[in-house]
Amino acid sequence: MDINPDRGGPAQPLLALRGLTKHFPLKGGLLGRTVATVRAVDDISFDVMKGETLGIVGESGCGKSTTARLLVQLLGLDAGSMVFDGEAVGEPRASGLSLREYRRQVQMVFQDSYASLNPRLPVEDSIAFAPKVHGLGEREANARARELLSAVGLAPAQFARRYPHELSGGQRQRVNIARALALQPRLVILDEPVSALDKSVEAQVLNLLVDLKARFKLTFVFISHDLNVVQFISDRVLVMYLGEVVEIGPVGSIYDRPAHPYTRALLDSRPSMDPSRRRTVPPLVGDPPNPVNPPSGCRFRTRCGFAEDVCAAKKPVAADLGGGHLAACHMASPGSGHTKAGAIMDVAA
Amino acid sequence: MTHSPAAPAPLPPAAPAPTPLMKLTDLSVTFQTRDRTVHAVNGVNMELAEGEVLCILGESGSGKSVTLRALMRLLPKFARVTGGIEVAGQDVLAMSDRRMADFRGGEVAMIFQEPMTALDPVFTIGRQIAEVVQRHEGASRATATARALELLELVQIPSARRRLDAYPHELSGGLRQRAMIAVALACRPKLLLADEPTTALDATVQIQVLLLLRELQQRLGMGVIFVTHDLGVAGEIADRVAVMYAGRVVEEGPVGPFMAGPLHPYPRGLLNSTVHGGMRGTILTTIPGAPPSLSTVPTTCSFSPRCALAEPACDAGVPPMVEAGGDRRGRCIKLGQAA
C-alpha cells in the first residue's frame, strides 16, 4: 500500500519554494496602527530535494523558525509559492494540492517536547489522534501508534499508556517523532528537535532520526542553531541571516569552503574543544540587528569586516560557485563593484 | 535554609599551602517536600585557588547548579544543606543573614543564564549597577553613577553613557548579559559564580561573552566557578574541570589533559557522544539509559548501570576518589586497579 506515490521522479524537488515572504506588523500607539514591520522571512527561494536532509542554520531572529512554520503552513504566506512534488500547494483545483492533503504529507517536530504534546492524553492516543482525524478506524490507528512507538525505541507495553509528564525529555521527543510519522508523511520539518536535550540523549535521538529516515524513506528539513549537529545530519545546508538566505550548498563545501563572511564567522564562533588553541579575538562583534529595520543592501554589512559602499547600495544576488553552492555576497560575484569581487571564487575553486 | 548544627564547621586542615579561595567539604543538599525527597548533592569536595577558573560540567539533574547556589545560600528554605562551605576563610553556612547580605554581591557575585529575569525590568541598567555600589561601598549617588559608567565600559558595551539610561528590555541579549556582568563586578568580587551564562546566547555572541569573561577574570584576578553542560565552553574558559554525575564529582583535573582523554567512563562517554565535525555518516556513540532518580542517596557507583565497563565490584560501595597523578582524580574503581 503506497499512499504516497512519487509523482515527478527523483530529479523533481519534493518541495520548491519561490519568493517566500512573511512580515509581521507591529501595532502600536493609541489607535493600534501598524507602526513597523518585522521582516521575518523576506523573499527566500530554495528547493528541498527528494530523500535529502536540508539543514537550516542561523542565529535567533534570522527567520529559521518562521520558515519552518511557513513550510507546514502553520502561518500563511504573505507572498511566494510552494510547489510540492509538482503540485501547487493550497490550490485545490485540477493542478493543485489541498492544504489538508499537503499537511498529511508534511509533518513537524518542535523543540519543546512537553508543550507540543497534549498533557491529558496518553502518548498512544496523541500519536493515534491524527490518523483517526484522517479517517483511520480506532483499532487500526492504535495499532499504528504502537508500531511507531516501537520504531522510535519505546516498548509499547511499557510506554503506550503513559502521560507526557511521566516521560523524560528524550523519551518525549521520541513520542513527538512517532506522532509526526503517524500520517506516513514524505517530508518532516524538525525545528530544533535536539536543542533541549542533554548531550548523551541528543546523540541517541540523532541516531534514531538517521535510522528512521532510511527506514521510512523520508525527506528532512532540519533546523538548528548547533552547527555541529547540522553538519552531522545534513546533506545540504542553508544559512540564514535576518530573514534572507546568505548561502546554500552541499554540507562538505559549506563547512570546508564557506564563501559568505557570515557563514565563516558562524563556523569560527564554535568553541574549539582544544584548550591549547583558544580563540583570542571574537570572529564578529555585536549582536544580530533587529529585523524590524534591516540594513539596506546587504543585511550583514553592519557586522562585516569587508563591507564597502557597494554593500549598502546594492542587495547582493546569489552567485553560483559551482556544485550547487550559492552565496549572496558581492565578493562572490565578479563585476559586482566590490574591490574584492571574485576573491571568493578562488577560495571555492 | 537550615543546616544541621551537628555538623561542625570544618577546621582548616593541618598544613595546607595557601588558603584556597573557596572550599567545599563533604557538601550535601537534600530537598525534602511532602511527596518526595531528592538527594541533589551527595558529598562534594572541591577547592578553588585564587584567580583560578573552575568549570563544573554535568547534565541536567547532576547537581551542578545546586552546588553553585549553595555557595551563596540561594537555595529555598526547605533545602537541607550539610557539610562545609568556606569562601576566603569564612564559614558561609554560619553567617548571619545580615552578614550574608554584605557577602552576596560584595565578596561573591553571581551571573545567571537568563539576564532578562535576573535584571529588574523597572530600573535602568545604570541605576541597578549604581545601587550595588551605593549599598556595598556607601558611595554617593553621583560617585556610584560614575562607577556604573566605568563598569559598562569595562564590559565593552558600546556607547556606554547612553546605555546607562536604558532599561533591560531595550538591550539585545548579548548587551543584557554584559550588563549583568557589570552588576556582578560592581564591587570587585573575589569570586564570581557563573551559572550557564552563555547558554541562551547565539553562537557569535556566546564566543564574545566567553572571551570577555576570560579577559576580565585575568585583568581582575578573580576566581571563577563556571557551571556548564557544554564541553566546548569548558574548553574555551576553564583552567580546571570538575565533572558531576548524580550529585557527586566523578572526575576532576586540569582542562588540557581532561579534554585529551577523560579518566572516568562517564565523561569519556560524554565526550564521545558530543557531535563535532567529521562524524558525518557514522553512528554516534551514546550513553545508554538515563541518570538515576535521586530519591535515595546512591550507595554504589551511580554510573555503573550505564557503564560498559561495569563489573560486580562496582556495586560494592561508592567508589573512592582515586588520585591519578598530574592533579587528576576520578571516582572509578578501575583507576585504583590500574595504579
Side-chain angles (χ1 to χ4, degrees), chain A residues 57-62 168-171 194 196-208 210-211 225-235 241 251-252 255-256 262 265-290 303, chain B residues 58-62 156 158 171-175 198 200-212 214-215 229-239 254-256 258-260 266 269-291 306:
Chain A
V57 292
E59 298 178 280
S60 42
C62 74
S168 70
Q171 290 165 344
V194 295
L197 305 177
D198 276 324
K199 288 291 164 210
S200 62
V201 182
E202 175 184 281
Q204 293 171 9
V205 173
L206 288 174
N207 280 341
L208 173 72
V210 171
D211 174 46
H225 68 279
D226 187 329
L227 292 151
N228 292 323
V229 168
V230 166
Q231 182 179 19
F232 170 77
I233 204 151
S234 308
D235 300 306
Y241 187 77
V251 62
Y255 278 75
D256 297 341
Y262 176 63
L266 209 53
L267 290 170
D268 283 344
S269 296
R270 289 178 294 178
S272 65
M273 302 283 279
D274 181 355
S276 61
R277 286 189 309 176
R278 284 186 177 165
R279 216 163 295 287
T280 47
V281 183
L284 278 187
V285 291
D287 289 28
N290 195 328
R303 297 171 83 197
Chain B
E59 296 185 281
S60 28
S62 62
Q156 297 161 19
L171 301 178
S172 65
L175 289 187
T198 62
L201 300 175
D202 281 320
T204 60
V205 182
Q206 162 168 298
I207 192 79
Q208 296 173 37
V209 172
L210 280 178
L211 292 179
L212 172 72
R214 208 167 69 200
E215 188 193 322
H229 67 277
D230 189 333
L231 286 156
V233 167
E236 282 289 341
I237 198 159
D239 295 323
V255 65
F258 171 80
M259 285 297 198
Y266 170 64
L270 212 54
L271 203 63
N272 286 338
S273 59
T274 300
V275 185
H276 55 81
M279 292 171 112
R280 229 189 107 61
T282 63
I283 294 174
L284 297 172
T285 332
T286 63
I287 307 177
R306 303 174 73 188

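Computed from a prediction, not measured in an experiment: that's the story for all the values here. Sequence lines set the chain letters: A, B, ... in the order given, protein chains first and strands last, and positions in each chain run from 1.
- With a 4.5 angstrom heavy-atom cutoff, A:P289 does not touch chain B via any of its atoms.
- Both the backbone and the side chain of B:M279 come within contact range of chain A, judged by heavy atoms closer than 4.5 Å.
- The contact between B:T285 and chain A is made entirely by backbone atoms, counting heavy-atom distances below 4.5 Å.
- Of the listed residues A:V285, A:D268, A:V210, A:N290, the one with more heavy-atom pairs under 4.5 angstrom with chain B than any other is A:V285.
- The contact between A:V251 and chain B is made entirely by side chain atoms (from C-beta outward), counting heavy-atom distances below 4.5 Å.
- Formation of a donor-acceptor pair under 3.5 Å by the A:E202 side chain with backbone atoms of B:T274 is not found in this model.
- In this structure, chain A has heavy atoms under 4.5 Å from both the backbone and the side chain of B:I287.
- Nearest heavy-atom pair, A:P275 versus B:G256, reported as atom, atom and distance to 0.1 Å: CG-CA, 3.9 Å.
- Here A:F232 pairs with nothing under the ring-ring contact (aromatic ring centres under 6.0 Å, His included) rule; sequence neighbours left out.
- Heavy-atom distances place no part of B:Q156 under 4.5 Å from chain A, backbone and side chain included.
- Here the side chain of A:R278 pairs a donor or acceptor atom with the backbone of B:G235 at under 3.5 angstrom.
- Using a 4.5 Å cut-off between heavy atoms, A:D256 makes no contact with chain B at all.
- Contacts with chain B were tallied for A:R279, A:R277, A:H225, A:R270; A:R279 has the most, counting heavy-atom pairs under 4.5 Å.
- With a 4.5 Å cut-off on non-hydrogen atoms, B:P288 touches chain A through its backbone but not through its side chain.
- Each of B:A238, B:P158, B:G173 has some count of heavy-atom pairs under 4.5 Å with chain A, and the biggest count is that of B:A238.
- When side chains are defined from C-beta on, A:T280 does not count as touching B:L211, because their heavy atoms never get closer than 4.5 Å.
- Checked by atom type and distance alone, the side chain of A:N207 pairs as donor or acceptor with a backbone atom of B:L284 at under 3.5 Å.
- Between B:D230 atom CG and A:D226 atom CG the span is 8.5 Å, to the nearest 0.5 Å.
- In terms of heavy atoms, B:T204 sits closest to A:R303 at OG1-NH2, 3.2 Å.
- Considering all non-hydrogen atoms of both residues, B:G174 and A:D287 come closest at N-OD2, 2.8 Å.
- Heavy atoms only, all atoms of each residue included: B:G289 and A:Q204 are closest at O-NE2, 3.8 Å.
- By number of non-hydrogen pairs under 4.5 angstrom with chain A, the leading residue of B:I237, B:N272, B:L210, B:L212 is B:I237.
- Looking at B:E236, its side chain never comes within 3.5 Å of a backbone N or O of A:M273 through a donor-acceptor pair.
- For the options B:R214, B:H276, B:E215, heavy-atom pairs under 4.5 Å to chain A are most numerous at B:R214.
- For chain B, the option among A:S168, A:S200, A:G169, A:P282 with the highest count of heavy-atom pairs below 4.5 Å is A:S200.
- Between A:S269 and B:A203, the shortest heavy-atom distance links the atoms CB-O, 3.6 Å.
- Between the CZ atom of B:R280 and the CD atom of A:Q231 there is a distance of 8.0 Å, given to the nearest 0.5 Å.
- Judged by distance alone, with hydrogens and angles left aside, the side-chain atoms of A:D198 form a donor-acceptor pair with the main-chain N or O of B:S60 at under 3.5 Å.
- For B:A260, no part lies under 4.5 angstrom from a heavy atom of chain A.
- Using a 4.5 Å cut-off between heavy atoms, B:L175 contacts chain A through its backbone alone, with no side-chain atom that close.
- In this structure, the side chain of B:D202 engages the main chain of A:S60 through a donor-acceptor pair within 3.5 Å.
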